> 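Structure in structure tokens, see below.
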There are 2 protein chains.
Amino acid sequence: MTRADDAKAPSRELTGQAEDYLKAVYELGRAGDASADTPVGTNAIAERLGIAAASVTGMLQRLARLGLVTTERYHGTRLTASGRTMALQLIRRHRVIESYLVSRLGFAWDDVHDEAERLEHAASPELIAKMADVLGNPTVDPHGAPIPTADGKIDERELESLATLTVGANARVAGMGDRDPSLLRYLAERGIKPGARVRVESREPFDGAIVLTVGRERQTVSPGAASNVRVELATAGAAREVQSRATPRPAPSRRRRSADS
Amino acid sequence: MTRADDAKAPSRELTGQAEDYLKAVYELGRAGDASADTPVGTNAIAERLGIAAASVTGMLQRLARLGLVTTERYHGTRLTASGRTMALQLIRRHRVIESYLVSRLGFAWDDVHDEAERLEHAASPELIAKMADVLGNPTVDPHGAPIPTADGKIDERELESLATLTVGANARVAGMGDRDPSLLRYLAERGIKPGARVRVESREPFDGAIVLTVGRERQTVSPGAASNVRVELATAGAAREVQSRATPRPAPSRRRRSADS
DNA sequence: CAATAAAGTTAGCACGCACTAAATATTGTG
DNA sequence: CACAATATTTAGTGCGTGCTAACTTTATTG
């Protein structure tokens, strides 16, 4: 009856679903606020994964049994060290796959998320290694998000959101969330892609829409969309309280293997 | 570039497991015998998938409910038209992926099966189309097996097995099963790969081992291994007649480790 | 042809993972 | 502080997919 219970060391095979939870906990844990380990609420995970909150509770208990997360009843969840490692592996897989699909198979950058979402659970470490190798071990994915290294290091610098820039600020688009293709197309139509330079001209009074110059064009973006865009300040400007010690990095570098951070 | 809308004629909502059953039914249904659908036994499916026979019965009932197979109690299962279509799609995905991994990512041809086995359930039709396109729409996979076309056609010619050739026959190796890497390595060590020309010199009396000339080398292969090799006769000859004594299914065979190495 | 072997099925169970409804804990507010 | 609003968990359910054990049907064969 009582199966010899698992609850072992970190490296057990997880189901795809469990992996998704881990990834969600990681991403939500570092969303919005730079400071790392905010415990993640059940509802937030439920919303992210599109399932009922009650289901999340159960799964988290399972993950806790496996030693991948810690939960404090009614007070959220955070990853353990091994849970974090797994989450980063998964994110690496996701981003390597996205990069590969765009660069080698001609996928549109705004259409690649779902495919990667499915493949990331099936791809072996060898496959990921080979893809990364073919691409010259890129450090960012097509949406500008940093790719964790094979040994689990990731550039976790918190960047400014386009939505929080002050009027007059100049910035370079570093990346944006990859999970909504329509958002990505919306942004792309306005020239907002990784590497683009933008300048905030003004804000609309009622809805907070942001008027900016992208290249030569004048564009308006809604604050909701803008909040998904991460930017690096290009010139000193008053911008909240964020200090981005921007180690300048060339965007599409090829061949780069040293763990530089 | 149609946007991926699933749920067309045959609803595309199968789980990975169900897909595996379909594939197993297809492959077992045409193993050994060329002419179409011999009903496939529960045990054969169970053995192929590595699960208990009782579990197979249940799943087949589910698939029957979905209209993908027909079962006659105690008398085996066969695919319906839509089940067959799905199976062929899956096989196409598998073989395209194998081809891609070998040709574009440097995988060894004998090491590609498991990876493909997992990816085939996650890859979208668009991904498969793009992979096939990049490869120039190949018609056979790295093991010589024909790749079904996107619209579900496959070259189903039944080829001779190396095990059934008569002494003196000349043949060209067309392909071999992909699911056992150690078998593939065993064959490759003897020069037996798709395209190789072989001539049957003799047979060993006790174990039926086949002595043949591959290129310039003299090689011996066990009948178990040989039965997994499909060949095309190179010279007109008596070989076709052999099927009178050709054992269609030469016994499930007990676990055998390759004789050497 | 009756006895058995082999193949297949049913029954009952477990686990993963989702759901809804209801209970309970925490938090914010008048 | 009491109470409502919100967040979270528990309880009970269902489906997919596997298992073992026991039973039934079909095939073999002495």
Side-chain angles (χ1 to χ4, degrees), chain A residues 1-8 12-25 28-29 38-78 86 117-118 121-122, chain B residues 11-25 28-29 31 38-78 83 86 117-118 121 248-249 251-254:
Chain A
M1 195 181 295
T2 356
R3 237 109 152 47
D5 248 35
D6 352 279
K8 270 292 159 48
R12 188 175 165 77
E13 282 282 330
L14 281 189
T15 63
Q17 327 280 83
E19 288 182 329
D20 283 341
Y21 277 84
L22 249 27
K23 203 170 63 158
V25 174
L28 292 169
T38 319
V40 178
T42 303
N43 273 345
I45 298 170
E47 194 188 335
R48 164 68 66 107
L49 299 179
I51 62 188
S55 308
V56 173
T57 301
M59 185 75 222
L60 289 179
Q61 288 168 349
R62 199 168 90 79
L63 292 176
R65 248 186 284 127
L66 296 174
L68 298 169
V69 304
T70 56
T71 58
E72 211 181 327
R73 268 161 114 274
Y74 291 99
H75 293 289
T77 296
R78 62 189 72 196
M86 281 190 157
E117 194 74 20
R118 277 175 284 112
H121 301 299
Chain B
S11 68
R12 170 71 169 85
E13 270 185 55
L14 277 191
T15 63
Q17 331 279 73
E19 288 182 330
D20 283 340
Y21 278 83
L22 250 27
K23 203 170 61 157
V25 174
L28 293 169
T38 318
V40 177
T42 303
N43 275 343
I45 299 171
E47 194 188 337
R48 163 70 66 108
L49 298 178
I51 63 188
S55 308
V56 173
T57 300
M59 185 75 226
L60 289 180
Q61 288 168 350
R62 200 169 90 77
L63 292 177
R65 249 185 280 127
L66 296 174
L68 299 169
V69 304
T70 56
T71 59
E72 209 181 329
R73 262 158 121 274
Y74 293 101
H75 292 289
T77 297
R78 60 189 74 197
M86 279 188 155
E117 195 74 20
R118 278 176 283 111
H121 301 299
R249 261 314 43 191
S253 88
R254 42 226 41 156

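Below, each value reflects all heavy atoms present in this structure, side chains not excepted, and no hydrogens, waters or symmetry copies. Please read these numbers as outputs of a predicted model, since none were measured by experiment.
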> Does B/Thr42 have a side-chain nitrogen or oxygen under 4.0 Å from the phosphate oxygens OP1 or OP2 of C/dT9?
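Answer is yes, contact under 4.0 Å.
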> My understanding is that only residues two or more places apart in sequence, or in another chain, count here; which of them pass salt bridge (charged side-chain N to carboxylate O under 4.0 Å, His left out) with A/Arg62?
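Applying salt bridge (charged side-chain N to carboxylate O under 4.0 Å, His left out) to A/Arg62 gives none.
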> Output the rounded distance in Å from CG (B/Leu60) to C1' (C/dG8).
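Atom CG in B/Leu60 sits about 11 Å away from atom C1' in C/dG8.
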> Grab the CG-P distance between A/Leu63 and C/dG16 for me, whole Å please.
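It is 11 Å, rounded to the nearest whole Å.
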> Start with the C-alpha gap between B/Thr77 and B/Leu63, add the side-chain angles, then the distance that decides, and say whether side chain to side chain contact (heavy atoms under 4.5 Å, CB included) holds.
CA-CA 10 Å; B/Thr77 297; B/Leu63 292 177; over 6 Å; no
> When every nucleotide of nucleotides 16-25 of chain D is labelled 5' to 3' by its protein contacts under 4.0 Å (heavy atoms), B for base, S for sugar-phosphate only, - for none, what sequence of letters results?
SSSBBB--BS
> Without decimals, in angstroms, what is the distance between A/Asn43 CG and C/dT27 P?
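About 14 Å, once rounded to whole Å.
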> Roughly, in whole Å, what's the span from CG in A/Asp20 to P in C/dA18?
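One finds 9 Å between P of C/dA18 and CG of A/Asp20, rounded.
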> For B/Gln61, which contact category applies under a 4.0 Å heavy-atom criterion: base, sugar-phosphate, or nothing?
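Here B/Gln61 touches the backbone only, sparing every base.
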> Output the rounded distance in Å from CG (A/Leu66) to C1' (C/dC17).
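It is 14 Å, rounded to the nearest whole Å.
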> Could you state the CD-P distance from A/Glu72 to C/dA25, rounded to the nearest angstrom?
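In whole Å, C/dA25 P and A/Glu72 CD are 15 Å from each other.
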> Among all residues two or more places apart in sequence or in another chain, which pass the side chain to side chain contact (heavy atoms under 4.5 Å, CB included) test with A/Gln17?
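Residues passing side chain to side chain contact (heavy atoms under 4.5 Å, CB included) with A/Gln17: A/Thr15.
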> Could you please spell out the steps behind the side chain to side chain contact (heavy atoms under 4.5 Å, CB included) verdict for A/His121 and A/Leu14?
CA-CA 9 Å; A/His121 301 299; A/Leu14 281 189; over 6 Å; no
> What is the distance from atom OG1 of B/Thr42 to atom CE of B/Met59, rounded to the nearest 0.5 Å?
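Result: 13.5 Å between the selected atoms.
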> From the options B/Val40, B/Leu28, B/Asn43, select the one residue that forms a side-chain contact (heavy atoms from CB on, under 4.5 Å) with B/Arg48.
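It is B/Leu28; the other options fail the test.
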